[in-house]
Amino acid sequence: MSASCETGTSAKITATPRHGDPGDPGFTLTENADLKSRNTFHVDARARRLIEVTHAAAVPRLMTEASTHDIVGEAPLILGEGSNTLFVGDVAGTVLSLTLRGIDILDDDGSRASVRVAAGENWNAFVHWSLAQGLCGLENLALIPGSVGAAPIQNIGAYGVEIGEFVAHVECWDRLNATSIRLAASECEFSYRDSIFKRNPDRYIVTAVEFDLPRQRELHIDYAGIGDELIALGVTKPTPILVAEAVKRLRLRKLPSPAVVGNAGSFFKNPVVATSVAEALKQKRFAIPSWPVDSQSTKLSAAWLIEACGLKGYRDGDAGISDRHALVLVNHGNASGPQLLAVARKVADAVEQNFGISIEPEPRIVGATFR
Ligand code: FAD
Ligand code: EPU
């Protein structure tokens with residue numbers, strides 16, 4: 001189904017000021033910073049230093065000038081909104097948080113627009129901004145938590161769409177070569193929950209993302225559940241805005257909210273295995289959901305594997321697995337990072353023992369390795 005977006009076809013070009021008063025260094029520094037409210041697991045953690053960058057020009061200065069070298073340290077941890085990060089200990093060095101703001105339409109030919117978004121913008125707010133401008137494509141990605149700067153890191157995806165399809169360029173600071181670069185989408189090596197950024201966590205600092213968004217495109221409403229939500233909404237003629245509303249309802253029904261119970265969404269990636277392995281598993285367990293990836297590999301449902309191990313709703317103290325969705329590791333109250341990690345390891349071990357399938361964590365684990 002093809003649909004144009006609901007609102008007008010020409011968008012106002014906005015420019016958001018990015019520079020502060022003269023003398024403003026473009027960043028703030030907090031010593032011994034509390035990170036509990038900066039991670040959606042709500043675990044206790046502190047950072048020796050937290051630098052919040054408010055102006056893009058401060059990034060190269062912080063990373064290269066001798067005067068700031070000591071406060072930034074060798075390998076600062078980049079933190080967005082902390083919705084895909086598990087702290088398993090304090091950060092001995094520096095956390096760098098980009099609070100850069102601004103959404104600018106760089107070009108608009110009436111059928112598609114090129115939009116530059118600063119790293120510190122909120123992802124869901126940007127999705128709704130784009131839909132309000134009459135731009136399509138991001139509707140299936142509504143309500144994913146986090147910042148725009150983090151979105152390319154694992155090529156965020158949901159309901160059959162990944163952002164890699166709409167990214168034109170990613171602007172970054174390259175720590176290896178100490179220079180600003182602009183990577184084309186083809187250079188970002190996007191794949192399922194992966195990218196060049198995720199594989200090189202200490203190299204790139206994403207400062208802005210440029211998107212190429214159409215004004216008309218086929219809607220992706222075949223993914224399980226979206227059609228039912230549209231029916232429940234009484235929608236007979238879906239538009240991108242209505243699809244975003246259906247996705248929002250679906251997500252709120254399926255996933256626990258971090259505002260209610262600490263979590264980072266799916267804690268494990270769905271494992272991609274050789275199709276022969278998936279077939280052999282299906283011979284024994286016909287019910288496991290699977291999706292073809294290419295001619296040789298198949299993606300399996302990690303949630304199904306975990307639930308089949310009897311671990312959906314499992315709880316050890318305040319750390320556990322959600323009783324709403326088996327892929328979601330939850331903090332019921334005062335679980336620590338190490339307690340959550342212990343539950344996650346128990347889950348992965350059970351899946352390995354019962355099915356011979358290795359499942360890998362999706363979030364960044366700070367202060368420990370998973371295995
Ligand atoms: P953070 O947790 O702050 O950081 C994540 C990683 O990105 C870290 O390695 C960090 O160092 C790095 N990073 C952050 N910002 C930058 C930057 N500017 N430059 C370089 N590196 C950076 N994800 C999906 O893909 N699909 C979903 O459907 C989905 N649903 C979720 C539902 C819930 C309830 C939750 C809590 C999470 C969900 N997630 C989902 C995961 C999460 O929303 C995304 O991974 C999001 O992009 C993380 O953004 P963040 O700003 O919170 O990143
Ligand atoms: N399932 C179970 N038990 C459960 C939950 C699900 O067996 O408790 C089975 C269902 O039968 C369903 C299948 O798992 O058929 C898939 O479930 P769902 O549609 O919820 O998708 P998912 O594979 O569990 C993935 C992403 C989500 C994304 C949704 C929707 C990964 C790791 N997770 O979840 O992303 O929102 O699809 O597209 O790929 C995230 O990355 O944090 C995240 C939430």
Side-chain angles (χ1 to χ4, degrees), residues 40-41 43 83-84 86 140 143-145 154 156-160 192-193 222-229 247-293 297-333 335 337 339-363 365 370-371:
T40 60
F41 273 117
V43 295
S83 66
N84 218 24
L86 174 60
N140 292 42
L143 214 64
I144 297 180
Q154 68 161 11
I156 56 168
Y159 301 102
Y192 167 64
R193 297 295 188 273
D222 295 339
Y223 198 99
I226 296 185
D228 292 342
E229 292 296 341
V247 165
K248 184 179 135 194
R249 285 169 56 115
L250 192 53
R251 295 183 67 95
L252 290 174
R253 201 158 48 74
K254 284 175 102 168
L255 293 168
S257 163
V260 178
V261 60
N263 76 86
S266 302
F267 192 83
F268 294 99
K269 293 185 276 190
N270 286 323
V272 176
V273 300
T275 299
S276 56
V277 172
E279 290 301 326
L281 206 58
K282 276 175 178 274
Q283 294 289 318
K284 296 184 215 154
R285 302 266 188 168
F286 289 104
I288 184 165
S290 65
W291 305 270
V293 174
S297 45
T298 297
K299 194 191 280 178
L300 297 172
S301 163
W304 188 94
L305 291 166
I306 294 166
E307 185 166 349
C309 291
L311 289 167
K312 186 171 180 174
Y314 169 81
R315 188 166 173 169
D316 182 3
D318 274 351
I321 296 298
S322 170
D323 57 8
R324 288 173 66 184
H325 200 301
L327 259 191
V328 184
L329 181 70
V330 287
N331 177 6
H332 289 285
Q339 286 166 337
L340 287 162
L341 185 63
V343 168
R345 284 178 174 152
K346 178 187 169 80
V347 166
D349 287 349
V351 169
E352 178 89 49
Q353 278 162 20
N354 285 303
F355 298 102
I357 305 278
S358 169
I359 54 173
E360 297 297 327
E362 179 191 286
I365 298 174
F370 187 64
R371 296 193 190 280

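We use all heavy atoms of the structure for the numbers below, so side chains are in, but hydrogens, waters and symmetry mates are not.
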Stepwise, does the side chain to side chain contact (heavy atoms under 4.5 Å, CB included) test hold for Ile156 with Asn84?
CA-CA 11 Å; Ile156 56 168; Asn84 218 24; over 6 Å; no
Atom [atom1] in [X], atom [atom2] in [Y]: separation rounded to 0.5 Å?
{"X": "Leu311", "Y": "Asp323", "atom1": "CG", "atom2": "CG", "answer": "13.0 Å"}
{"X": "Gln339", "Y": "Leu341", "atom1": "CD", "atom2": "CG", "answer": "11.0 Å"}
{"X": "Leu86", "Y": "Phe41", "atom1": "CG", "atom2": "CZ", "answer": "5.0 Å"}

Is there side-chain contact between Val330 and Ile321, with at least one heavy-atom pair below 4.5 Å?
no
Identify, with sequence neighbours excluded, every residue that meets side chain to side chain donor-acceptor pair (under 3.5 Å) alongside [X].
{"X": "Ser83", "answer": "none"}
{"X": "Lys346", "answer": "none"}
{"X": "Arg315", "answer": "Asp318"}
{"X": "Glu360", "answer": "Ser358"}

Check step by step if side chain to side chain contact (heavy atoms under 4.5 Å, CB included) holds for Arg251 and Val247.
CA-CA 6 Å; Arg251 295 183 67 95; Val247 165; 3.8 Å; yes
Got a sec, which residues hit side-chain contact (heavy atoms from CB on, under 4.5 Å) with [X], two or more places apart in sequence or on another chain?
{"X": "Asn354", "value": "Cys309, Ala350"}
{"X": "Ala303", "value": "Ser301, His325, Ala326, Leu327"}
{"X": "Ala274", "value": "Ser276, Val277"}
{"X": "Ile288", "value": "Leu281, Lys282, Leu300, Trp304, Leu305"}

Partner set under ring pair (Phe, Tyr, Trp, His ring centres under 6.0 Å) for Tyr159, not counting sequence neighbours:
Tyr223
Backbone of Phe370 reached by a side-chain donor or acceptor of Arg345 within 3.5 Å
yes
Is it true that a side-chain atom of Thr275 and a backbone atom of Ser297 form a donor plus acceptor pair closer than 3.5 Å?
yes
Can you list the residues that meet the salt bridge (Lys or Arg N to Asp or Glu O under 4.0 Å) rule with Glu229, with sequence neighbours excluded?
Arg249, Arg253
How would you list, by chain and number, every residue that makes a salt bridge (Lys or Arg N to Asp or Glu O under 4.0 Å) with Lys312, sequence neighbours excluded?
Glu307
What pair of heavy atoms forms the shortest contact from [X] to [Y], and how long is it?
{"X": "Thr298", "Y": "Ser290", "value": "CG2-CB, 3.7 Å"}
{"X": "Leu250", "Y": "Gly225", "value": "CD2-C, 3.8 Å"}
{"X": "Val43", "Y": "Gly337", "value": "CG1-N, 3.9 Å"}
{"X": "Leu252", "Y": "Arg324", "value": "O-NH2, 2.7 Å"}
{"X": "Ala348", "Y": "Arg371", "value": "CB-NH2, 4.1 Å"}

Run the numbers on Ile226 and Asn140 for side chain to side chain contact (heavy atoms under 4.5 Å, CB included), then give the verdict.
CA-CA 9 Å; Ile226 296 185; Asn140 292 42; 3.9 Å; yes
Using a 3.5 Å cut-off and no angle test, enumerate the donor-acceptor pairs between side-chain atoms of residues 254-269 and protein atoms at least two apart in sequence or in another chain.
from, atom 1, to, atom 2, distance (Å)
Ser257, OG, Ala259, N, 3.0
Asn263, OD1, Gly265, N, 2.8
Asn263, ND2, Pro256, O, 3.1
Asn263, ND2, Val261, O, 3.0

